[in-house]
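Heads up: the structure comes next, in structure tokens.
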Amino acid sequence: MLSKTPGTTLDSASAEPDANALCKHCDTPLTSEIIWDDKNHAFCCGGCRSAFGIIQACGLDDYYRLRDSFSTISAAARPDQSSFEEFDHPTFHEIYVRAVSGGCQTEFYLPSVHCAACVWLIERLPSIVPGVVDVRVDLARSTVQLTWRPEATPLSAVARTLDELGYTAHPVSPETWQAVHDRSSREELGWLAVAGACSGNNMLLALAIYAGEFSGMAVEHAHLFRWASTLVGLVSLLGPGRVFFRGAMGAIRSRTPHLDIPLALGLGVGGVGGVIHAIRGTGDLYFDSLSVLVFLLLVGRFIQSRGQRLAAQHVSLLRLLTPRKAHRWLDGRVETIPVEAIQQGDILEVRVGEMIPADGEVTLGESHLDESLLTGEADPREVNDGSIVTAGSNNLSAVIQLRVTAAGSQSRVGKLAGLVEADSSLRAPTLDWAHRASGYFVVIVVIVAVITGVIGYQVSSQTAFERVVALLVVSCPCALGLATPLALAVAQGRAAKRRILIKGSQAIEQLAKPGRIWLDKTGTLTEGKLTLREWVGPHDLEEAVAAIEQESSHPLARSLVKGIERRCRSSDRWPVVTQVRHWQGGGISGVVDGRRIEIGSTRRLDQLGWNWQPGIRESGEEFASRGWTPIVVGVDGEVVVAIGMGDQIRSDARASVAQLQSWGWQVGILSGDHPASVAQVAREVGIEPKNIMGGLSPEEKLQQVRSREVGQRVVMVGDGINDSAALAAASVGVAVHGGAEASMNSALVYLAEPGLWPLINLIDGSSKTMKVVSRNLAASIFYNGLAASLAVAGIINPLIAALLMPASSLTVVTMSLCTSAYGAKR
Amino acid sequence: MSVLYVSIPVALLMAAAAVVAFLWSVRAGQFEDLESARYRVLFDDRPARTPPPSTSSVEANRVPENPPR
């Protein structure tokens, strides 16, 4: 492209790339193609040069200084250079833009925002683009909230400038926006603050009371402190503590065990007893313990809900990366529109590498579609005039035009997504075991309380009352309520750092014990794309074959070229090809070094009537029986090479399956692909034939996942739209890297790293986390048992309770934080 | 020690004031993004130099095919 001619500057030495030269803008090492600007700065691409130009022109070169001082990964982002004209479409504005005072507001997700320098640069946008009123970057979520005056500048111009600076903008849907600015999370934080203030102040007041008991205090002053403590305690119980009473009421009404029941019992009895003691002027007050209890429990809950919210947000932001635009023909020209604006009867143009945005019928052009996300079938399908295509498939080889027959929720994918949503809303929330355990807990505590009451009554009714109150307060399972959410939240957070996004913590519990696990084949066990698997025949033909296949746009040809490139490690040596001819029905021929070479299917080479070398036809048939696509090569009248093209099994698939089986999981395959190729993959990764099922429709997959015995846990791992219903119906659905939007949506866990090893990490981490949880339970029961026996014996007082409770909480918190789950690298 | 009758309610009122201030800041959305805020204080408010290039000149800039000089 834009190489500088040597010798135009004095220091022509610097014009040559030295080994360590870096792009001035993005800091990536420079390769042979260097772009220069007029000040002799070197760039890796035109986009980086123009980004650097804008930053310089606006006097914003502080960006580079900031970047170097803040960022650990110093690479600046690279522009995408699209037009963004769909952002100006009325439908786009209807959906994504809100009117605010001073203009319009929208939110973008900028995946390449990663450090403080990015924040600084983007927030200078109002001085770069006139018409932009305000910009706020949220670094944690990589989003930007943009306010601009539409009459001064179109949104597409703002998006283009952002893109030129290296930040490609993706619109944030209103649902995601609402999820982020959720009122309930603010409310939760507010109550947490009230509970914290109450507990802190009550501890101070309690200190005065205890000190008074030991060293003596005037009675009226003691009364003052007792009443102050009661007041603060009641604020804490009736304000932030209300949530436990409400939860307990709900649990009793629906007759399900819930941790809120023992908590509400302890808090309620402690509160009532405390008020009675305060009115009487004698007896112990537990309000300091109760306030701390409320605070710690709310902390546990807040951490848990925050972890889940973050994971859910992250997934919904990742979803935005799927294409949101379409090209529509209207009055003889193409316009770019958001997918929401597509209507039935529209004529759309789909370019190479783009996703089909709506169901339709091809009206012009021939191409190959990758429908693996929809059907699980790895081989591309050939389409031409009149072919029916469905949204979500990928256009591989040529531009096509199609007439839309169904768009949005009316399309096949949309209907499937609707099915998934209905299924997930029907799924009963799984009770985590802390809640189940609380059922027994309540029974035991009540029995012990009755015994305590009876024993205490031997002394006096007053003693009985005091001991029962003490017992119920100290046996309040605070450590349990704090420890479980904390352990789960720590696990979720650590998993997220390793790019395993867990949307619901029940997944951790479900994955901790082995059960049945169904894996999808295409895209999960395999790479999901065709590669060169086997070459039978003389290897010196490889270069000639690659040279000829390079002339073809057929997806098989491209995979073949890539495969040969990997074997030869270079494309420089490829010979010159002449007389290239493409044949109808898949086949190509050419002349290399005077030899006529024919490449095609077995049928195509049969038609030529050429002589087959022994073993080649058999190899081809064997490839077909393995579910691969055979290609044969003939040279000057003789067929000499058979090539097997198949979907490559992921390198970690075999080891992962073996690991799962050694943990006791029943591993099986559910695939939409042809049973023969499923069986082949199963053999290669070591799954027994009785556990595999091929040729399933999405509905049959769903049926298979649903048809489990009651209580059996079924894990589904998949990536495609055809898996999404099954993912939603399983006990835990795990969507793997590179999957479709629908599958990310319906699964409880999303693995953002490629391969199956993250799945092993997930399951391993889950069982470790549950071990931490059981250790926490043991510690919590030990403390509660100790406190309860002291209470039964009548030797407890509020001071001991106030010391025991933080001690138990501290123990479980420490144990939760010092876990090895999700810690070890592979 | 009768000063306690005044000082304890005052202390509680001060605590209440702190809680109210915190609640206000939560409602105002100040706790939504804890990541960017810690950097933002370090930036100077110097505006970008110059006549901000009009959108059209930005446009011209983005065509990378202009050979340098």
Side-chain angles (χ1 to χ4, degrees), chain A residues 1-2 4 8 35-38 45-47 49-50 53-54 57-60 62 66 70 79 81 115-116 119-120 123-124 126-131 136-141 153 157 160-161 163-164 180-181 186-187 189-190 193-194 196-198 200-201 204-205 218 221 224-225 228 231-232, chain B:
Chain A
M1 273 169 76
L2 292 163
K4 189 181 175 92
T8 48
I35 320 282
W36 299 90
D37 72 354
D38 45 9
C45 62
R49 190 188 61 163
S50 68
I54 296 175
C58 300
L60 296 174
D62 271 358
L66 283 168
F70 279 125
Q81 303 199 339
C115 73
V119 177
W120 181 83
E123 292 193 348
R124 293 297 171 280
S127 58
I128 304 174
V129 185
R136 292 297 276 189
V137 179
D138 183 335
L139 188 57
R141 299 188 302 121
T153 182
R160 271 201 300 276
T161 309
D163 185 51
E164 278 152 12
V180 170
H181 302 271
R186 292 186 186 181
E187 241 164 60
L189 191 58
V194 175
C198 287
N201 283 292
L204 291 174
L205 293 168
H221 290 155
L224 174 68
F225 280 109
L231 177 75
V232 176
Chain B
M1 285 297 271
S2 54
V3 68
L4 279 177
Y5 292 105
V6 181
S7 68
I8 286 180
V10 167
L12 290 179
L13 281 179
M14 281 164 70
V19 169
V20 168
F22 182 78
L23 289 181
W24 168 80
S25 65
V26 169
R27 295 249 160 85
Q30 292 189 16
F31 286 83
E32 231 108 287
D33 173 22
L34 304 173
E35 194 82 6
S36 329
R38 64 174 175 216
Y39 297 118
R40 213 171 265 131
V41 291
L42 300 175
F43 303 149
D44 6 317
D45 291 330
R46 186 161 56 91
R49 184 204 309 162
T50 56
S54 69
T55 336
S56 59
S57 83
V58 170
E59 209 81 335
N61 228 335
R62 69 185 298 261
V63 183
E65 263 65 43
N66 296 341
R69 266 187 303 182

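Values reported hereafter were calculated over all heavy atoms of this structure, with side chains retained and with hydrogens, waters and symmetry mates removed. Below, chains carry the letters A, B, ... as their sequence lines are ordered, and counting in each starts from 1.
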Applying a criterion of heavy atom separation less than 4.5 Å, what residues of residues 16-26 of chain B form contacts with chain A?
->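 Expected list: V19(B), F22(B), L23(B), V26(B).
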Between CG of L231(A) and CD1 of I8(B), what distance do you get to the nearest 0.5 Å?
->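 Going from the CG atom of L231(A) to the CD1 atom of I8(B) covers 11.5 Å.
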Minimum heavy-atom separation for [X] to [Y], with atom names?
X: R186(A); Y: R27(B); value: NH1-O, 2.8 Å
X: A15(B); Y: N201(A); value: CB-ND2, 3.3 Å
X: T153(A); Y: A157(A); value: OG1-CB, 3.6 Å

Checking L189(A) against chain B: side chain, backbone, both or neither under 4.5 Å from a heavy atom?
-> both
